[in-house]
Student: 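First the structure, which I've put down as structure tokens, then a few questions once you've had a look.
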Amino acid sequence: MASTAALTTSSLLRRSRALRGHVFPKPLPNPSSINLARPSPALLRLRRFMCRNAASGNEEAAAKAAAEIADTGAPTIFDKIIAKEIPSTIVYEDDKVLAFRDVNPQAPVHILVIPKIRDGLTQLGKAEPRHAEVLGHLLFAAKLVAEREGIVDGFRVVINNGPEACQSVYHLHLHVLGGRQLKWPPG
């Protein structure tokens with residue numbers, strides 16, 4: 001049996017069940033020509049394709065697991081980012097919201113906008129009349145972020161609500177996506 005090191009990118013792709021029948025729009029790069037410090041556009045497309053297809057089942061499982069502990073009141077990763085216990089690249093902050101770059105971007109610009117105080121607002125489906133002001137402020141902050149990022153003429157705001165929408169952090173958050181042509185329908 002051949003060792004993994006001896007396999008080429010193309011042979012690995014041919015053996016992958018998830019990729020059988022997929023036609024890549026451009027030829028795959030020769031593995032010996034890959035500069036990992038500055039990956040080519042073709043390699044980046046390949047990575048995105050493979051990650052999206054391999055991760056889709058994991059995202060669903062993670063969302064279901066997160067939903068089981070959603071209303072325990074335990075601190076979320078976002079609470080830790082707000083408290084500066086976990087580093088993040090902050091792009092906007094005011095007294096009510098914090099916006100930072102997503103660590104797993106799905107577009108050239110992918111910013112998360114979160115309320116600094118959760119106040120039971122773990123997901124949009126749990127919003128109450130008392131949350132109206134912060135919900136409006138989150139949308140206005142998304143617009144400010146889009147302006148700062150230079151995407152105000154074309155961006156999308158996404159809120160995943162519950163496990164069927166693959167919400168994996170139960171602290172309401174908006175995804176601001178842009179920097180490329182977005183497609184419709186999403187998902």
Student: If we only count heavy atoms from C-beta on, is the I82 to H171 side-chain gap below 4.5 Å?
Tutor: yes
Student: State the CG-CD1 distance between D153 and I151, to the nearest 0.5 angstrom.
Tutor: 10.0 Å
Student: Are the aromatic rings of F78 and Y170 close, with centres under 6.0 Å apart?
Tutor: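 Between F78 and Y170, the centre distance exceeds or equals 6.0 Å.
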Student: Taking all non-hydrogen atoms of both residues, which atom of V113 and which atom of A141 are closest, and how far apart?
Tutor: CG1-CB, 4.0 Å
Student: If two hydrophobic side chains count as joined below 4.5 Å and joins carry through other members, does V157 share a cluster with L144?
Tutor: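 Result: yes, single cluster for both.
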Student: Suppose we call two aromatic rings close when their centres sit under 6.0 Å apart. Are H173 and H175 close by that rule?
Tutor: yes
Student: Is it possible for you to say whether L177 and V109 belong to one hydrophobic cluster, with membership spreading through side-chain heavy-atom contacts below 4.5 Å?
Tutor: no
Student: Does this structure show an ion pair linking K143 with E147, if we count only N-O contacts that are shorter than 4.0 Å?
Tutor: yes
Student: Who passes side-chain hydrogen bond (donor to acceptor under 3.5 Å, both in side chains) against D119, sequence neighbours left out?
Tutor: R130
Student: Is the shortest side-chain heavy-atom distance between L174 and I111 below 4.5 Å?
Tutor: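 The answer is no; the side chains never approach within 4.5 Å.
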Student: Is the shortest side-chain heavy-atom distance between I81 and S88 below 4.5 Å?
Tutor: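 I81 vs S88: side chains touch.
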Student: Side-chain contact, heavy-atom cut-off 4.5 Å: I159 with L172?
Tutor: yes
Student: For atom CD of E85, decide whether the heavy atoms of other residues, nucleotides or ligands shown that lie under 6.0 angstrom number more than 12.
Tutor: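 Above 12, so yes.
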Student: Verify, without hydrogens or angle tests, whether H131 (side chain) and A127 (backbone) share a donor-acceptor contact under 3.5 angstrom.
Tutor: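 Side chain of H131 to backbone of A127: no pair is present.
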Student: Can you name the nearest heavy-atom pair linking G178 to A107, along with the distance?
Tutor: O-CB, 3.6 Å
Student: Which atom names give the shortest non-hydrogen contact between F100 and I114, and what distance separates them?
Tutor: CE2-CD1, 3.7 Å
Student: Out of curiosity, L121 CG to I117 CD1, how far, rounded to the nearest 0.5 Å?
Tutor: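 The CD1 atom of I117 is 11.5 Å from CG of L121, to the nearest 0.5 Å.
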Student: How many angstroms lie between SG in C166 and NZ in K64, if you round to the nearest 0.5 Å?
Tutor: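 Here the interatomic distance stands at 8.5 Å.
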Student: Can you hop from V152 to L182 via hydrophobic side chains spaced under 4.5 Å?
Tutor: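 No, no single cluster joins them.
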Student: Do V134 and R118 have side chains that get closer than 4.5 Å, going by heavy atoms?
Tutor: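 They are not in side-chain contact.
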Student: Side chains of N104 and H110: donor-acceptor distance under 3.5 Å anywhere?
Tutor: no
Student: Run T89 and V103 through side chain to side chain contact (heavy atoms under 4.5 Å, CB included) and show every step you take.
Tutor: CA-CA 9 Å; T89 305; V103 296; over 6 Å; no
Student: Locate the shortest heavy-atom distance separating G162 from Q167; write the atom from each residue and the value.
Tutor: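 Between these two residues, the closest heavy atoms are N-OE1, 2.8 Å.
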Student: Does R156 reach the main-chain N or O of P186 with its side chain, forming a donor-acceptor pair under 3.5 Å?
Tutor: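 Judged by distance alone, no pair lies under 3.5 Å.
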Student: Can you see which heavy atom on A142 is nearest to which on F155, and at what distance?
Tutor: O-CE1, 4.4 Å
Student: Spell out, as yes or no, whether a donor-acceptor pair under 3.5 Å connects the side chain of K80 to the backbone of P87.
Tutor: no
Student: Grouping I, L, V, M, F, W and Y whenever their side-chain heavy atoms are under 4.5 Å apart, do V158 and V176 come out in a common cluster?
Tutor: no
Student: Could you please spell out the steps behind the side chain to side chain contact (heavy atoms under 4.5 Å, CB included) verdict for K116 and E93?
Tutor: CA-CA 9 Å; K116 285 186 169 180; E93 182 173 16; 2.8 Å; yes
Student: For the residue pair A99 and V145, what are the closest heavy atoms and their distance?
Tutor: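 Scanning both residues, the minimum pair turns out to be CB-CG2, 3.7 Å.
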Student: Taking side chain as C-beta onward, heavy atoms only, is R101 less than 4.5 Å from V91?
Tutor: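 R101 vs V91: side chains touch.
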